[in-house]
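Notes to accompany the following structure.
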Amino acid sequence: MFGRRLLVAGVTAVLMAGLGACSGGSGGGDEGTSQVVGAERSGTATGQTRPDPAGEPDTVSGLRDTVRHLSAKTARATRAHLVGKCATGTRRVRHTSSSGTGTRRRTRTWYTTERYRSCGKVRSGTETYRRVVRPEKWCVRLDDVDGDRARDDVWYQVTSATYADALDTDEHARMKFTPSGTGC
């Protein structure tokens, strides 16, 4: 009986949480949108962007301040060197054949030798390789982000094509692009 009550209480709690999340009431949200007031969509603490709930990409605009290219940083590392090794062998296979019915049923058994080959990767020492410590990044710093004169010196990670466009533009020229991340 107690297990059934616990199950009903759990289902009720999940249902209330689902309905509360879907309601369009005044739960700290901005009128007309589904975003919490004061929340930023443009990035998280790790520098990764979150997709726009409406499905549109987040574009930013501002005055080009400076650009920065961070090349990929690598380090030497070692790992196990694996090589393919095959082993051949033989196994004895049993075969049976039956004939007749009832008490006259006769079973004949014979054996053959079958060859097989088993292959796999085995460790054979170590090898050195280049491990990527930091991937390559292209960054652009903007002033007056989205027309807000108070938002200056904001770094955005961009694609190499956007970085090339930023190199071609003059300093303090207006740019509009979709960043791939925040910070640099």
Side-chain angles (χ1 to χ4, degrees), residues 13-86 119-184:
V14 169
L15 185 62
M16 287 175 47
L19 290 174
C22 293
S23 70
S26 60
D30 198 9
E31 287 300 317
T33 66
S34 61
Q35 298 175 359
V36 176
V37 175
E40 269 190 43
R41 273 186 314 138
S42 61
T44 63
T46 60
Q48 300 297 321
T49 59
R50 293 181 297 196
D52 188 3
E56 306 157 0
D58 286 333
T59 58
V60 295
S61 63
L63 304 178
R64 175 199 177 274
D65 189 3
T66 187
V67 294
R68 180 185 293 168
H69 174 245
L70 298 172
S71 59
K73 188 175 181 181
T74 61
R76 287 176 56 117
T78 59
R79 62 183 169 205
H81 180 67
L82 301 175
V83 295
K85 187 174 182 181
C86 294
C119 296
K121 297 267 187 181
V122 295
R123 184 177 174 164
S124 175
T126 59
E127 64 181 357
T128 58
Y129 71 102
R130 301 299 294 181
R131 181 173 56 92
V132 177
V133 177
R134 178 189 66 209
E136 190 171 19
K137 292 181 187 177
W138 298 274
C139 302
V140 175
R141 188 167 74 180
L142 294 179
D143 289 337
D144 299 343
V145 177
D146 293 330
D148 185 2
R149 293 190 180 272
R151 287 185 65 194
D152 288 343
D153 300 330
V154 181
W155 283 102
Y156 292 102
Q157 292 178 27
V158 295
T159 62
S160 60
T162 305
Y163 175 81
D165 292 342
L167 279 177
D168 292 339
T169 61
D170 296 328
E171 195 168 328
H172 298 295
R174 182 148 303 274
M175 285 191 70
K176 185 175 184 179
F177 56 85
T178 303
S180 58
T182 57
C184 191

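Numbers for residues simply follow the sequence, beginning at 1.
For Asp144, the salt bridge (Lys or Arg N to Asp or Glu O under 4.0 Å) test picks out Arg149, with sequence neighbours left out. When the side chain to side chain donor-acceptor pair (under 3.5 Å) test is applied to Thr78, no partner is found at least two apart in sequence or on another chain.
Closest of all the heavy-atom pairs between Thr159 and Ser180 is N-OG, 4.4 Å. The two atoms that bring Phe177 and Val158 nearest to each other are CE1-CG1, 3.4 Å, heavy atoms only.
Proximity of Tyr156 to Thr178: side-chain heavy atoms (C-beta onward) are nowhere separated by under 4.5 Å.
Residue pairs meeting the side-chain hydrogen bond (donor to acceptor under 3.5 Å, both in side chains) criterion with at least one partner in residues 126-136, sequence neighbours excluded, are His69-Glu136, Thr74-Arg130, Arg79-Glu127, His81-Glu127. Residue pairs meeting the salt bridge (charged side-chain N to carboxylate O under 4.0 Å, His left out) criterion with at least one member in residues 59-73, sequence neighbours excluded: Asp65-Arg141. Residues in residues 120-173 take part in these disulfide bond (SG atoms under 2.5 Å apart) pairs, two or more places apart or across chains: Cys139-Cys184. Screening residues 164-176 for side-chain hydrogen bond (donor to acceptor under 3.5 Å, both in side chains), with sequence neighbours left out, gives no hits.
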Begin with the C-alpha distance, continue with both residues' side-chain angles, and end with the deciding distance and a verdict on side chain to side chain contact (heavy atoms under 4.5 Å, CB included) for Arg123 and Leu82. CA-CA 5 Å; Arg123 184 177 174 164; Leu82 301 175; 4.2 Å; yes
Please assess Tyr163 against Val67 for the test side chain to side chain contact (heavy atoms under 4.5 Å, CB included), listing each intermediate value before the final yes or no. CA-CA 7 Å; Tyr163 175 81; Val67 294; 3.7 Å; yes
